[in-house]
Amino acid sequence: MSKDDNNSKEWPKVEGVKLEDWIKSANKSAPNHDSTKLGWQTPDGIHLKALYSAQDTQDLPFTNTLPGFAPFIRGPQATMYSVRPWTIRQYAGFSTAEESNEFYRKSLAAGGQGVSVAFDLPTHRGYDSDHPRVTGDVGKAGVAIDTVEDMKILFNQIPLDKVSVSMTMNGAVLPVLAGYIVAAEEQGVTLNLLSGTIQNDILKEFMVRNTYIYPPEPSMRIIGDIIEFTSQKMPKFNSISISGYHMQEAGANQSLELAFTLADGKEYVKTALAKGLDVDEFAGRLSFFFAIGMNFYLEIAKLRAARLLWWRIMSEFSPKNPKSLMLRTHCQTSGWSLTEQDPYNNVVRTTVEAMAAVFGGTQSLHTNSFDEAIALPTEFSARIARNTQLIIQEETHITSVVDPWAGSYMMEKLTQEMADNAWEIIQEVEAMGGMTKAVDSGWAKLKIEAAAAEKQANIDSGKDVIVGVNKYQLAEQDDLEVREVDNNKVRESQVLRLKEIKSMRDSHAVEKALEAITSAAHSGEGNLLDLTVQAMRLRATVGEVSDALESIYGRHRADTQKVTGVYARVYDSAEGWEKLQQEISQFADDFGRRPRVMIAKLGQDGHDRGAKVVATAYADLGFDVDMGVLFQTPAECARQAIENDVHAVGISTLAAGHKTLVPEIIAELKLQGGEDIVVFVGGVIPRQDYQFLFEAGVQGIYGPGTPIPASAKDVLERIREHLVSQQSLN
C-alpha cells in the first residue's frame with residue numbers, strides 16, 4: 001500500500017449503539033447486579049450512574065456556554081489557567097509573629113504566590129495573650145497577634161503592595177484588619193495598593209467553627225462597615241470570603257456546603273445594600289472559599305454549580321457590571337480527610353483533592369500537609385504540599401485547557417443536579433426569612449451535625465472505606481516527627497511585648513479612641529473599621545478593641561444541642577452494636593443508673609464536630625450524655641461535671657492545647673472533690689504525647705480514626721472498673 005493510499009483511507013464506520021443494548025450487555029457481564037442501579041448514591045442523595053449518555057444532557061439549559069461569560073459555569077475568566085494559573089497559597093501561622101514571618105518568606109521564595117494567615121484562638125476570640133482564659137491556647141493553632149507591632153513583625157520584609165494577603169479572621173475581624181492596614185501604612189504602602197482577602201464571614205461561625213464574639217445582629221453591622229470601608233478605600237482588597245470550607249469540615253455534604261455558603265453570601269449582599277451601597281461598588285470584590293474533599297466528581301461539579309447559582313442569585317439585584325455576577329473562589333484541600341494512620345497516604349489524598357479544585361476552576365488553592373491530622377506542618381511536609389501544586393501547574397499541562405470537563409455527559413448532568421439540590425435548600429432558607437434567621441434558630445447547625453454523624457457512622461461501620469484506617473491497616477504505625485509549640489514560652493514573650501507597648505503609648509489617647517468605638521457601637525453611627533484603625537495606630541490592643549465593643553454588644557453564648565438517632569440508624573446493623581447496647585443496659589442493672597458521660601471542649605477551641613458526633617453516638621448507644629458549654633476553663637468544666645454527677649469526662653481536643661489543659665482539668669476535679677470521675681481524651685493528639693497524658697491521670701486516649709463504638713466500649717469498661725474498685729475499697 002502506498003503512502004497516499006494509507007492517508008486517504010477512512011476509518012471504518014460504527015453504527016450507534018442503543019442504551020438498551022448496553023444494559024443487556026451489562027447484565028450479562030454483571031449478572032448479580034441491576035445495571036440501572038450501578039454507580040453510587042452520594043451523601044447528597046444524587047445517584048451517580050455507572051454510565052451517562054447524550055440522553056442525560058439533551059434537556060439541560062446550560063451546556064453550550066463559554067468561560068468568562070454568563071452564567072460562568074466554565075469559569076469566571078475567558079482564558080482561565082491557559083494564561084494565568086491559580087494562585088498558590090500556604091495557610092500558616094506558627095506561635096510567634098517571628099516564626100510565622102520566617103515561614104512565609106521561605107514559602108514565597110520557594111514558589112508560593114500569596115500569604116494566608118492562621119491566627120491563634122485567643123486572637124480569633126478577641127483576647128490578648130495575657131488574659132486568664134487563654135493560658136493553654138496562646139500560639140497553639142496559629143500566630144498570636146495582640147497589637148500592630150506583632151503585625152509589623154509578621155509582614156517584615158514582605159512587600160504588601162506586591163504580595164496578596166489572605167486572613168482567616170471573623171470574630172476579632174475589626175482589630176486584626178485594622179492592624180494589617182496600619183502595619184502596611186508604616187511599611188509605606190497606601191490602602192489602594194493592598195490586595196488580598198479578609199474572611200469576615202460570621203454566619204458560618206455560628207453554624208460550625210464557633211470563633212464568634214458578638215451576637216449575630218451586631219456582627220452583621222460589623223460586616224457592613226467593613227464592606228463599606230474597603231469598597232471606598234481598598235479597591236483591590238476582597239472585603240469578605242464567604243466560607244463553605246468549615247461547613248464541609250464540620251460534616252456538611254457538598255449540597256449543604258454549597259447551599260449554605262451561597263445563602264450566606266446573599267445575606268451579606270443584602271447587608272451591604274442596607275448600608276446604602278450600590279451593588280456594583282462591592283459585589284465584584286466578594287470572594288468565596290470552598291473545601292475540596294475526596295468525592296472527586298462532586299467537588300468539580302460543586303464549583304461549576306456554585307458559579308451558576310451565584311449568577312442566578314446576583315441577577316436578582318440587577319447589577320450593571322458583569323463582574324458583580326461572577327463567583328470567584330479560593331479552595332483548600334480537606335483537613336478532615338487526612339488520617340493519622342499511614343499518614344503518607346495523605347499526600348495522595350491531597351493531590352486528588354487539588355486536581356478536583358483545579359478541574360473545578362478555583363482562583364487560588366491551599367494544599368494541606370500530610371501531617372496536619374496530628375500537628376502543625378513541618379517545613380518538610382509543607383514543601384511537599386506546596387510542590388504538589390507546582391507539579392500540577394508546571395508538569396501536567398492541565399492548565400493548557402479551559403474547563404476540560406465541559407461537554408462530559410456525566411459532569412454536565414451532575415453539575416445541574418448539584419445546582420438543583422442546593423437551590424432547593426436555598427429556597428428553604430429563604431422561606432425562613434434568610435440565613436441569619438436559619439442560623440439563629442439552630443436549624444442550619446443541626447443539619448450539618450446530622451450529616452456529620454451519618455458520615456462517621458458510615459466510616460465506623462465500614463460502609464465508607466478509608467485506606468489505612470478501616471481497611472488495609474498497617475500492623476504497626478510509625479511515629480511522625482511533628483512540630484510542637486512551647487505554649488508557655490510563646491505566652492511569656494507576648495505578655496512581655498504587651499507590657500512594653502502599653503508602657504510606651506499615650507494611654508489617654510488610646511482610651512479616647514476606644515471610647516469612640518464604644519460610642520459608635522451604641523449609637524449605630526460612624527464606621528467601626530475606620531474608628532478601629534485610628535485606635536490601632538495609637539497601639540490599642542486586640543483585646544481592648546474587642547472589650548470596647550463587648551461592653552455594648554455582649555459576648556454570644558450558643559445553645560448546645562445535639563442530634564439523636566442519626567448515628568444509630570446508619571451503624572446499628574454493624575456487628576457488635578446490639579451487644580454493646582446490652583452491656584450498657586447491664587451496667588444500669590448493676591449500678592442503678594446508666595453510665596453518664598460529659599463531652600467537653602476546653603479553652604478557646606470551638607471546632608466541635610468530633611465532640612458532637614461522639615455525644616450523638618454515645619447517646620444512641622444508651623449512655624446518658626451531657627454536653628459541656630463551649631470555651632470552658634478547666635475549673636468551669638470540673639464544676640459542671642461534678643454538679644451533673646457524671647461518671648466520666650471526655651475532652652475533645654483539636655488545637656494542640658491538651659498538654660496544658662488536660663492536666664489542669666484533672667487537677668481541678670481533685671481540687672473540687674471529683675477525683676472519682678474518669679477522664680478520657682479524643683481528637684488530634686500525637687502518639688508521642690500519649691504517655692504524658694497517661695502519667696497526668698488520663699485513663700483513655702482515642703486518636704483520629706478510632707471507631708466511636710470501640711471508644712465507647714473502652715470508656716464503659718473503665719467506668720465499670722473504677723466503680724468496682726471503689727466498692728471494694730468501701
Indicate whether any N or O donor in one side chain lies under 3.5 Å from an N or O acceptor in the other, for [X] and [Y].
X      : Y      : value
Arg89  : Thr367 : no
Tyr268 : Asp201 : yes
Gln363 : Arg328 : no

Six-ring centre of Trp405, Arg304 cation under 6.0 angstrom, axis tolerance 45°: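 No; the conditions do not both hold, so Arg304 does not lie above the ring face of Trp405.
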Cationic tip of Lys49 above Tyr52 ring, under 6.0 Å, 45° of axis: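 Output yes; distance and angle both within limits.
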Any residue meeting ring-ring contact (aromatic ring centres under 6.0 Å, His included) with His607, in chain and number order, not counting sequence neighbours: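 With sequence neighbours excluded, His607 shows a ring-ring contact (aromatic ring centres under 6.0 Å, His included) to no residue whatsoever.
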Side-chain touch Glu316/Lys266, heavy atoms, less than 4.5 angstrom: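 A side-chain contact under 4.5 Å exists here.
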Validation row: Met314, Val269 side chains within 4.5 angstrom (heavy atoms):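 Touching, per the 4.5 Å side-chain cut-off.
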Thr197 OG1 to Ile240 CD1 distance, which is reported to the nearest 0.5 Å: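 If I round to the nearest 0.5 Å, the distance is 11.0 Å.
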Salt bridge Lys106-Glu379, side-chain N to carboxylate O under 4.0 Å: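 Between Glu379 and Lys106 there is a salt bridge, with a charged N closer than 4.0 Å to a carboxylate O.
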Sequence neighbours excluded, every pair satisfying side chain to side chain donor-acceptor pair (under 3.5 Å) that has a member inside residues 446-459: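 Found Glu449-Lys612, Lys455-Asp464, Gln456-Asp460.
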Backbone N/O of Met234 and side chain of Arg285: donor-acceptor pair under 3.5 Å: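 No; judged by distance alone, with no hydrogens or angles, the pair does not exist.
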Geometric class of the Trp443/Phe260 ring pair [parallel <30°, tilted 30-60°, perpendicular >60°]: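 The arrangement is perpendicular - the two ring planes meet at more than 60°.
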Aromatic ring pairing Tyr245/Phe289, orientation class (parallel under 30°, perpendicular over 60°, tilted between):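 The rings of Tyr245 and Phe289 lie parallel, inter-plane angle below 30°.
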Met355 and Ile398: CA distance, side-chain angles, deciding distance, side chain to side chain contact (heavy atoms under 4.5 Å, CB included) verdict: CA-CA 9 Å; Met355 295 275 281; Ile398 284 173; 3.6 Å; yes
Derivation and outcome, side-chain hydrogen bond (donor to acceptor under 3.5 Å, both in side chains), residues Glu205 and Thr211: CA-CA 6 Å; Glu205 297 296 324; Thr211 56; 2.5 Å; yes
Chi angles and distances behind the side-chain hydrogen bond (donor to acceptor under 3.5 Å, both in side chains) call for Gln199, Lys204: CA-CA 11 Å; Gln199 193 162 96; Lys204 67 95 173 47; 2.8 Å; yes
For Phe62, all residues meeting side-chain contact (heavy atoms from CB on, under 4.5 Å), sequence neighbours excluded: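 With neighbours one apart ignored, the set is Thr65, Pro71, Ile73, Leu308, Trp311, Gln416.
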